[in-house]
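Below is one structure, written out as structure tokens, with a few remarks after it.
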Amino acid sequence: MSEAPALTVRGVSKSYGGVTVLHSASLTVPAGHVMALAGENGAGKSTLLKIVSGQVRPDSGEVHVYGTQLTQHDPISARRLGVAIVPQELAPYPDLTIYENIFVGREIRNRAGVLDRPEMAKQAREMLDVFELDIDSRWQMNRLSVALVQIVEIAKATTWGARVLLLDEPTSAIPDHEVGRLYSVVHRLREQGVAMMYTTHRMAEIQELADSVAVLRDGHLVFESDIAGADEATIVHAMVGRDMEALFPGQTISTGPVRLEVRDLQVIRGGPSVSFEVRQGEILGIGGLVGGGRTEIIEAVFGVRRSYDGTITIDGEPLERNRIDATIRRGVAFVPEDRKGAGLVPSRSVLDNGSLPHLRSFTLGGWIRPLVRRNAVEKATASVNLKCRGLGQLVGTLSGGNQQKVVLARWLTQEGCVLLLDEPTRGVDVGARGEIYRIIRDLASYGLAVVFVSSDMPELIGLSHRVLVVRAGKIVGELDREALDLSDAQEQIFRLASGQTLDVFGEQVVCTG
Amino acid sequence: MAEVPVKAGEPGGKKLLQFDKQRTTNLLLRNLMALVVIAVAVYFTIVRPQFATTANMRTILIAAAPFALIALGQTLVILTGGIDLSVGSIVALSAMTSAAIIVDHPERMVLGVIAGVVVGLLAGLVSGVVVAYINVAPFVATLGMLSVASGLAYAIGRGAPINGLPVEWGLIANTRFLGVQVPVLVMIAGFIVLGVIMTRTSFGMRIYAVGGNRTAAEVAGVNVRGILTSVYAISGALAGMSGVILSSRVISAAPYLGKGYELGAIAAVVIGGASLTGGRGTVWGTMLGLFLIQTLNNGLDILVVPAYWQTVISGILIVSAVAVDMVAAKRSSG
């Protein structure tokens with residue numbers, strides 16, 4: 001190992017379309033050192049990793065790997081310097097074998113020039129042995145659980161000599177009982193002198209794995225410390241770092257009769273069912289771990305996800321399930337988690353996007369009434385304080401917060417009765433976040449029944465009148481406003497969400513560790 | 001932040017100025033095709049004055065008409081992110097269907113016309129259902145329909161063209177109304193009707209939404225499958241109309257009529273600035289693309305450029321048009 005630290009990031013900045021996602025970040029990771037990169041969604045963690053791995057070109061700043069500057073900002077150059085990244089969304093070739101996945105792009109050939117499969121299988125086997133995995137390298141990739149796929153990815157990255165390994169949310173998709181497997185891989189690589197930087201939401205994981213921790217908030221590196229000098233409270237404070245009181249002013253809850261009633265709704269055929277009700281003016285939060293079945297519930301209520309059994313009643317009248325258009329006509333609005341993928345048509349204008357869900361109300365026999373439409377959309381966008389250059393601006397060119405406002409506003413052209421939101425502030429900067437909270441509260445006070453799913457604890461606790469906790473598709477707990485005001489609310493929710501028994505995940509475990 | 005509230009208008013920071021410049025560039029790029037069409041026409045007029053005669057304009061228009069109908073249908077399909085390869089053989093199938101009816105029942109002209117269009121509509125409908133409800137890729141579904149329709153066209157004539165149609169059948173394509181041939185009127189009407197549909201109706205807006213982001217359209221309550229089915233049905237019906245017009249022009253029908261027209265139509269749509277991934281493109285753009293191709297073919301004919309060189313030129317043209325489009329897209333996004 002040379003004298004220079006494994007990874008040096010100096011004054012790196014990046015902005016997208018006028019929004020700065022990274023403000024002059026600098027940090028250093030020595031060889032054999034594990035740095036946790038903490039921060040909320042949209043804090044700039046992934047952008048930083050992408051810059052280091054050459055996927056994104058920084059606007060300014062430098063990246064050095066063992067003293068050599070990354071000059072060409074492309075993945076191949078970064079890889080040549082020894083930087084490997086295991087992305088959050090893994091993209092293996094599911095129908096190829098493990099060894100084929102490992103050797104793709106640098107296949108071993110025998111003297112005749114054809115693939116030397118036995119040799120590749122053998123070498124792959126040795127790699128997996130290093131991590132004490134009892135799996136056959138000739139298995140098809142799709143037999144492996146997410147954790148194992150991840151480890152295969154890591155094996156692949158390290159065997160071509162990666163000296164700086166970046167892991168983006170490595171544990172987000174792994175059930176608890178498999179996390180240990182990943183931990184031991186990380187420990188082993190640290191012994192070999194690999195420098196690692198990884199992003200995570202999980203506090204316990206930082207304490208367990210990292211040598212140091214850096215916290216990003218809204219693109220600023222706000223905290224950096226050895227793990228000894230950073231307890232959980234300090235890290236959380238650095239991550240959140242905003243005045244909770246200002247974002248979530250005192251709640252005055254005045255609820256009316258039940259607007260939305262869900263009875264025995266079954267999302268998976270033969271699976272668990274859920275029942276709950278939401279009153280007029282009430283904001284109901286749904287908490288739980290990612291993959292715990294929260295999103296599925298509100299998607300099924302709206303009809304984008306098929307439900308198999310149960311009844312949904314709105315204002316006392318039953319709703320036809322699995323019919324989005326009928327649901328919309330009954331005044332139900334839905335703001336999906338994946339704003340770009342499921343919420344907006346980026347190639348169309350604010351006007352078109354704003355009028356899409358309630359298009360029927362702006363037309364006469366199929367003909368759009370331009371004035372009626374323009375007025376309604378203008379009013380709706382003004383009510384959410386949308387900042388745009390005009391209704392003709394393409395939605396794809398708006399900032400994340402403003403896009404989310406369009407997703408909200410398009411439901412406000414008509415009077416509604418139920419508002420469903422999935423992760424309403426994901427990827428939204430703090431300023432716009434406060435506004436979105438205000439809009440949600442206003443809508444509730446006008447008499448809407450609001451249901452929202454969130455992974456953001458302060459948001460869940462601060463915004464909700466009542467919280468349901470979901471685990472493995474079932475409602476496992478409920479906290480009312482009083483319980484939410486207690487100081488251990490977050491802990492309570494987390495305990496309910498993670499559960500005591502770990503075998504609830506129905507995992508396909510194919511190996512012994 | 002240089003973003004300003006909805007209503008507030010003109011002046012702003014530096015950023016706004018930059019946007020205006022960008023907008024001008026975009027405007028230029030967007031109208032580039034119109035300028036190119038004009039430039040090409042001016043060039044031909046200068047080198048060969050007979051290009052700009054009324055007679056030649058008529059030739060261009062009448063040659064463009066059957067293509068125009070197909071290209072219009074193709075525009076709708078491409079806007080949803082699909083493609084319709086079957087239109088060429090639907091032209092043949094419709095022409096053969098009409099001709100088979102007329103040759104036996106010379107008095108039932110109207111039935112002949114309707115049958116031709118309806119056959120096209122049905123063929124398109126089948127493709128649409130297969131694409132929308134069985135989720136077969138549009139390329140594959142319409143490739144299948146290309147083969148089926150072509151086979152049926154041959155079957156109707158037992159492998160041979162149908163001749164000996166009554167002279168009156170030729171009246172459809174050759175009658176003039178206010179000095180303009182009927183097919184040209186149909187083409188103009190087609191452009192206007194579809195142009196209006198795409199910009200003024202909820203149907204048009206939903207087509208754009210489905211092509212721009214299918215999932216988002218679904219979440220917004222759009223009947224995506226219905227939209228998909230109808231664009232293929234419309235495309236088929238327009239191809240049927242085109243088949244009727246073509247067979248009327250030559251007062252006969254052949255099973256190889258319209259062969260390869262689908263590619264010409266796709267070229268016109270793409271040159272007109274539509275994106276093959278859907279959501280972007282206009283009827284106006286398709287019209288320009290179509291007239292660029294037609295003007296060029298006509299002008300090169302007048303210059304006595306051999307057909308094979310014409311093919312080379314139109315190939316280069318298609319790729320250049322899309323290349324320009326990519327540059328424009330990059331500018332407006334970056």
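Just so it is clear, the structure is predicted and the values come from calculations on it, not from any experiment. First the proteins, then the strands, lettered A, B, ... as listed; each starts at 1.
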* Structure fact -> Note: vs chain B, highest number of non-hydrogen pairs under 4.5 angstrom among L394(A), L344(A), T363(A) is L344(A)

* Structure fact -> Rounded to the nearest 0.5 angstrom, the CE-CG distance for M205(B) and N353(A) is 7.5 Å

* Structure fact -> Output for pair (S202(B) OG, W367(A) CH2), nearest 0.5 Å, gives 10.0 Å

* Given that the side chain runs from C-beta out, which part of F302(A) has a heavy atom under 4.5 Å from chain B: side chain, backbone, both or neither? -> side chain

* Asked: Within a radius of less than 6.0 Å around CZ of R321(A), do more than 12 heavy atoms belonging to other residues, nucleotides or ligands occur?
  -> yes

* Contacts of residues 413-420 of chain A with chain B (heavy atom under 4.5 Å) -> none

* To do: Taking all non-hydrogen atoms of both residues into account, name the closest pair between G343(A) and A216(B) and its distance.
  => C-CB, 3.7 Å

* To do: Find the one option among A333(A), S347(A), G341(A), P336(A) whose heavy-atom pairs under 4.5 Å with chain B are most numerous.
  => G341(A)

* To do: Carefully, step by step, assess F334(A) and V219(B) under the rule side-chain contact (heavy atoms from CB on, under 4.5 Å).
  => CA-CA 8 Å; F334(A) 175 59; V219(B) 171; 3.6 Å; yes

* Do you know which of I324(A), V350(A), V407(A), I368(A) has the most heavy-atom pairs under 4.5 Å to chain B? -> I368(A)

* Portion of R369(A) that has a non-hydrogen atom of chain B nearer than 4.5 angstrom -> neither

* Asked: How far apart are the closest heavy atoms of P346(A) and G212(B), and which atoms are they?
  -> CD-O, 4.4 Å

* Asked: CZ of F139(B): more than 12 outside heavy atoms within 6.0 angstrom?
  -> no

* **Euclidean distance, N213(B) CG relative to D338(A) CG, rounded to 0.5 Å** => 8.5 Å

* Structure fact -> The interface call for T327(A) against chain B, heavy-atom contacts under 4.5 Å, is neither

* Asked: What residues, two or more places apart in sequence or in another chain, satisfy ring-ring contact (aromatic ring centres under 6.0 Å, His included) together with F67(B)?
  -> Y261(B)

* To do: Under 4.5 Å, counting heavy-atom pairs only, tell me which of D325(A), I328(A), L359(A), V304(A) racks up the most with chain B.
  => L359(A)

* To do: Between chain B and each of G365(A), G396(A), P357(A), count heavy-atom pairs under 4.5 Å; write down the option with the most.
  => P357(A)

* Asked: What part of R373(A) lies closer than 4.5 angstrom to a heavy atom of chain B: side chain, backbone, both or neither?
  -> side chain

